[in-house]
Amino acid sequence: MPIEQQQAVRVIRITGVDGLDPVTAVFIDLEPGKGKLMVECFGCAWSAYWNAMGARNVVQFVTASDPDYLANSLVRGMNQFVSNKRAGTAMERYVQRIAAA
């Protein structure tokens, strides 16, 4: 079983945002133009992958993106697991607050 170690990983922690527990964001550059973002807050986690970021790394791509776009990317696959539409909408609003932070 091959195991790869990623060299281009950056972890940041965001604190002091009203109404949010500390947010941990993990940025992973997989190769030029391809990257992943993993976000964790209050024991919940979301992730997104982009394979067409141009010449930017994932930190540059994410910081230049609109918070609504980021939130939608992070929850894109989650709605299939949420049977209650109200709960799904609440989660989307929560992730939008995280993305804005």
(message) According to ring pair (Phe, Tyr, Trp, His ring centres under 6.0 Å), who are the partners of Phe61, at least two apart in sequence or on a separate chain?
(response) Trp50

(request) Quick one: closest heavy-atom pair of Ser47 and Met38, and the distance? (result) CB-CG, 3.8 Å

(request) Decide whether Val95 and Val17 are clustered together by the hydrophobic rule: side chain heavy atoms of Ile, Leu, Val, Met, Phe, Trp, Tyr closer than 4.5 Å, transitively. (result) yes

(request) Grab the two heavy atoms, one from Ser73 and one from Ala48, that are nearest each other, plus how far apart they are. (result) O-CB, 3.8 Å

(request) Can you see which heavy atom on Arg13 is nearest to which on Thr24, and at what distance? (result) NH1-OG1, 4.0 Å

(request) Begin from the C-alpha positions of Val39 and Val23 and carry the test side chain to side chain contact (heavy atoms under 4.5 Å, CB included) through to its verdict. (result) CA-CA 7 Å; Val39 177; Val23 176; 3.7 Å; yes

(request) For side chain to side chain contact (heavy atoms under 4.5 Å, CB included), just list the numbers for Ile98 and Leu20, CA-CA rounded to whole Å, side-chain angles, deciding distance to a tenth of an Å, and then say yes or no. (result) CA-CA 8 Å; Ile98 292 169; Leu20 283 181; 3.9 Å; yes

(request) To the nearest 0.5 Å, tell me how far Lys36 NZ sits from Phe27 CZ. (result) 14.0 Å

(message) So, taking the atom named CG in Leu70 and the one named CH2 in Trp46, what distance separates them when rounded to the nearest 0.5 Å?
(response) 13.5 Å

(message) Please check if the number of heavy atoms outside Phe42 that lie under 6.0 Å from its CZ is greater than 12.
(response) no

(request) Determine, using the 4.5 Å side-chain heavy-atom cutoff (strictly less than), whether Leu74 and Leu30 are members of one ILVMFWY cluster. (result) no

(request) Kindly say whether Gly43 contributes a backbone atom to a donor-acceptor pair with the side chain of Glu40 at under 3.5 angstrom? (result) yes

(message) Checking the side chain of Arg97 only, and the main-chain atoms of Gly19 only, is there a donor and an acceptor separated by less than 3.5 Å?
(response) yes

(request) Only counting residues at least two apart or in another chain, list the ones meeting side-chain contact (heavy atoms from CB on, under 4.5 Å) with Asp29. (result) Ala8, Met53, Asn57, Val58

(request) Start with the C-alpha distance between Val26 and Leu37, add both sets of side-chain angles, then the distance that settles side chain to side chain contact (heavy atoms under 4.5 Å, CB included), and finish with yes or no. (result) CA-CA 6 Å; Val26 181; Leu37 169 64; over 6 Å; no

(message) For Ala71 versus Ala99, what's the shortest heavy-atom pair and its separation?
(response) N-CB, 3.9 Å

(message) So, taking the atom named CD1 in Ile12 and the one named CD1 in Ile14, what distance separates them when rounded to the nearest 0.5 Å?
(response) 4.5 Å

